[in-house]
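Have a look at the structure below, then the notes.
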Amino acid sequence: MRLHPRAHRRIRTVIPPGAARAAAPTHRRLLAREGDDAVLLTVGDDLGVLMRERCSTAELGAVVATAGPDVRWVWSDTTRWYPSILATGHIVTRCWDLRLGHALLRGSTLVPESNAAALRKAIDWDASSAEPPAASTPALFDVDDAVRGVPDDPDAVLAEFVRQQRAIEAAPERVRLRLLLAAESAGALLAVELHAAGVPWSREVHEMLLHEALGPRPAPGAAPARVRELAEVVRLALGDPAASLDSQPKLLRSLHRVGVLAQSTNRWELAEYDHPVIAPLLEYKKLTRLLSANGWAWLDEWAAEGRFRPVYVPGGVVTGRWASSGGGALQLPRQLRPAVRADEGWMLVVADVAQLEPRVLAAMSGDTALAQAARGRDLYEGIVGSGVVSTRQEAKIALLGAMYGATTGDSGRLVPALRRAYPRAMALVDAAAAIGEQGGVVTTWLGRSSPPADARWHQIQAAAGEPDATDSDRTHARRSARDRGRFTRNFVVQGTAAEWALAWLADLRGRLAAMPTVDAAARAPASGPVFGARAHLAFFLHDEIIVHTPADHADAVARAVRNSAARAGTLLFGEFPLDFPLDLRIAVDASK
DNA sequence: AATACAAGCGCG
DNA sequence: AAAGCGCGCTTGTATT
């Protein structure tokens with residue numbers, strides 16, 4: 001790396017300071033790179049550059065801090081810029097993530113086509129996946145788009161910002177798009193912060209849980225005692241001391257030999273057979289799963305320092321949900337939740353939204369009957385109370401079936417009753433399914449659109465319409481159309497729920513940042529210099545959050561969590577009469 | 001030996 | 001007890 005000339009150690013202002021002062025408080029500032037330096041562009045309402053500054057990247061944290069909390073930093077990609085700024089101890093309050101913005105706007109049906117086309121043309125987003133999908137490609141859609149880059153040089157950053165700004169301003173629903181971009185960008189900041197802060201994790205509790213379930217930690221390469229014992233019991237029941245339990249084909253053959261004629265080794269199917277081998281085998285599978293997914297090796301690799309730090313991937317799911325990579329953050333088994341444990345003198349505020357997706361569906365469809373059923377704490381009980389179905393379990397299955405597109409089984413059987421009781425809500429998901437089946441694009445409440453049907457999908461549909469089409473072609477086409485219909489049916493609901501959750505998080509993040517810090521002795525050092533000093537979000541999973549907070553602030557945090565949920569509701573749905581009740585607990589650990 | 005795929009199971 | 005959306009991860013097997 002090149003050393004910077006002394007002159008670069010201080011910000012060099014190119015525009016006279018007077019103009020800069022006038023511009024600074026209200027205007028967005030773009031960050032770009034030139035060699036090893038960062039370039040800062042202050043942009044006016046007319047999108048003209050008011051000021052151009054330059055500093056070394058090492059000084060960026062200080063520059064951000066000096067600029068104050070009212071600036072919205074516009075940059076190519078939060079994952080590229082924010083970690084190093086945060087590492088110097090500075091929180092960025094607002095940003096505009098151009099990569100995420102591009103991914104949203106280039107495909108949104110709310111953006112006028114000429115603007116969307118301009119965005120697509122400017123950045124060759126999917127250059128490497130432009131060829132028609134190979135015949136073997138099973139995916140219905142491709143999320144690679146979201147991970148491609150926006151260039152970092154000043155001209156490109158400014159040009160992309162201008163394109164995105166114009167795309168939004170040209171849209172009749174610009175208020176929604178602005179909200180979506182702001183929420184998505186706040187999520188990008190939070191994802192970096194969650195990784196830095198980490199989930200407080202008790203090695204002691206985790207080891208105790210493993211010991212209880214599996215026995216003492218075995219030598220490397222050996223199976224734990226409890227697993228070995230169960231394997232013996234299973235092999236005895238199979239009448240084969242050498243039976244292999246970890247290879248599906250071999251296990252299936254062994255099962256067949258003792259009369260268990262299952263088609264697969266999945267546990268739901270195995271559970272249907274009445275044979276002495278079943279119970280110990282299911283227990284064996286459960287324990288080996290715990291061992292391989294979240295055993296001692298996982299603990300050593302992911303939570304050794306008292307924090308679990310997964311990498312969150314905002315926008316990583318087509319619907320707008322977050323994905324994660326590393327450590328399986330989205331799959332922490334409930335069994336291990338007691339290991340999520342606050343530091344000494346700290347508490348956890350654990351909150352999840354009750355039935356988020358059906359509530360969101362009620363609001364977006366304007367279905368006041370469903371909203372009425374949701375008025376109490378439990379939406380499913382509300383449906384039972386309206387006499388639509390007779391048990392809570394039926395209400396749940398029916399509603400999930402309606403949102404997922406179930407056609408058979410208990411779920412499919414109950415959907416018609418729901419359709420009669422809540423015609424507006426059901427019409428919304430049915431319409432989304434119909435559009436998907438025809439190859440169309442659907443859009444969430446704030447403007448995230450589903451990916452269009454790919455070339456392979458169209459090819460399958462076209463083949464079924466040819467004169468020489470076989471029954472198999474037609475069946476294939478119909479199935480593929482319905483698959484896509486179920487996807488778009490769920491997309492609008494899951495995607496809007498993700499938007500609600502982002503709005504909740506973004507608002508809460510702001511409230512937590514405003515909370516007081518604690519003195520040195522009361523800090524949680526493992527959460528880092530910034531978050532170890534105050535209440536901070538520690539975990540997020542679709543509709544639930546965990547805040548790690550100094551014990552004295554727990555009540556205030558709980559109020560903030562509730563207030564933010566209420567705020568998210570009005571931000572998205574205005575005065576529509578619907579609340580989003582939380583199940584909220586203040587506790588030392590995250591177990592139920 | 002390296003890579004791709006499918007099954008299975010964890011989460012919402 | 002599951003058949004219907006969205007994921008990530010591990011394991012064993014098949015492919016190269």
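Naming: A, B, ... by sequence-line order, numbering from 1 per chain.
- For the pair A:L356 CG and B:dG12 C1', the interatomic distance rounds to 10 Å; values are reported in whole Å.
- Between A:R253 and A:P249 there is a side-chain heavy-atom pair separated by less than 4.5 Å.
- Contact annotation: A:S324 does not reach the phosphate of C:dC7 (side-chain N/O to OP1 or OP2, under 4.0 Å).
- Nearest to the side chain of A:V317, among C:dC5, C:dC7, B:dG12, sits C:dC7.
- For A:Q248 against C:dG12, a side-chain-to-base donor-acceptor contact under 3.5 Å is absent.
- For the pair A:S292 and C:dC9, the criterion of a side-chain N or O lying under 4.0 Å from OP1 or OP2 is not met.
- A:Q335 comes within contact range of no nucleotide atom at all, as no heavy-atom separation falls under 4.0 Å.
- Of the two residues near DNA chain C, A:H542 and A:A271, the one whose nearest nucleotide lies more 5' is A:A271.
- Taking atom CG of residue A:L502 and atom C1' of nucleotide B:dG12, one finds them 15 Å apart after rounding to whole Å.
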Which dot-bracket string fits DNA chain B when only Watson-Crick or G-U wobble pairs with both atom distances under 3.5 Å count, crossing pairs get [ ], and | stands for a partner on a different strand? ||||||||||||
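- A:S450 and A:T488 share no side-chain donor-acceptor pair at under 3.5 Å.
- Listed nucleotides: B:dG8, C:dG6, B:dG10. Nearest to the side chain of A:T265: B:dG8.
- The nearest whole Å value for the distance from the CG atom in A:L290 to the P atom in B:dC9 is 14 Å.
- Separating the CG atom of A:N266 from the C1' atom of C:dG12 is a distance of 17 Å, rounded to the nearest angstrom.
- Across B:dG12, C:dA2, B:dC9, the shortest atom-to-atom separation from the side chain of A:R267 is found for B:dC9.
- As a whole-Å value, the separation of A:R484 CZ from C:dC5 P is 14 Å.
- Atom CH2 of A:W268 and atom C1' of B:dA7 are 17 Å apart (whole Å).
- Among the nucleotides B:dC11, C:dA3, C:dG12, the one closest to any side-chain atom of A:D246 is C:dG12.
- A donor and an acceptor atom never sit less than 3.5 Å apart when one is taken from the side chain of A:R486 and the other from the base of C:dC5.
- A:L332 comes within contact range of the sugar-phosphate backbone alone, with a heavy-atom separation under 4.0 Å but no base atom that close.
- A:T265 and A:Q248 form no side-chain donor-acceptor contact under 3.5 Å, judged by distance and modelled atom types alone.
- Set against B:dC11, C:dC5, C:dT13, the side chain of A:K250 has C:dT13 as its closest nucleotide.
- A:T408 has a side-chain polar atom (N or O) that falls below the 4.0 Å cut-off from OP1 or OP2 of C:dG4.
- Taking every side-chain heavy atom of A:R289 into account, C:dG8 is the closest of C:dG8, B:dG12, C:dT13.
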Less than 3.5 Å apart, which donor and acceptor atoms pair up between the side chains of residues 349-358 of chain A and the rest of the protein, not counting sequence neighbours?
residue : atom : partner : partner atom : Å
A:Q355  : OE1  : A:R359  : NH2          : 3.0
A:Q355  : OE1  : A:L379  : N            : 3.0
A:E357  : OE2  : A:R321  : NH2          : 3.4

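- Across C:dT13, C:dC7, C:dG4, the shortest atom-to-atom separation from the side chain of A:A406 is found for C:dG4.
- Side-chain proximity of A:Q331 to the nucleotides C:dG4, B:dC11, C:dC5 is greatest for B:dC11.
- Aromatic rings from A:W298 and A:W201 are positioned such that their centres are separated by under 6.0 Å.
- For B:dG12, its base sits under 3.5 Å from the side chain of A:R321 at one donor and acceptor pair at least.
- Here C:dA3 presents its C1' atom at 12 Å from CD of A:E272, a figure rounded to the nearest Å.
- Cation-pi check for A:R176 over A:W445 is met; the charged atom lies under 6.0 angstrom from the ring centroid and within 45 degrees of its normal.
- Within 4.0 Å (heavy atoms only), A:G412 reaches no atom of the nucleic acid at all.
- Using cut-offs of 30° and 60° for the angle between ring planes, the A:W504 and A:W500 rings count as tilted.
- For A:K286 and B:dC9, the shortest distance from a side-chain N or O to OP1 or OP2 is not below 4.0 Å.
- Here the nucleotide nearest the side chain of A:L541, chosen from B:dG12, C:dG4, C:dT13, is B:dG12.
- In this structure, CG of A:L336 is placed 20 Å from P of C:dG8, rounded to the nearest angstrom.
- A donor-acceptor pair under 3.5 Å is absent between the side-chain atoms of A:R341 and the main chain of A:E204, judged by distance alone.
- As judged by a 4.0 angstrom heavy-atom cut-off over every strand, A:R482 is placed among residues making no nucleic acid contact.
- Salt bridge A:R424/A:D367: absent, no basic N to carboxylate O contact under 4.0 Å.
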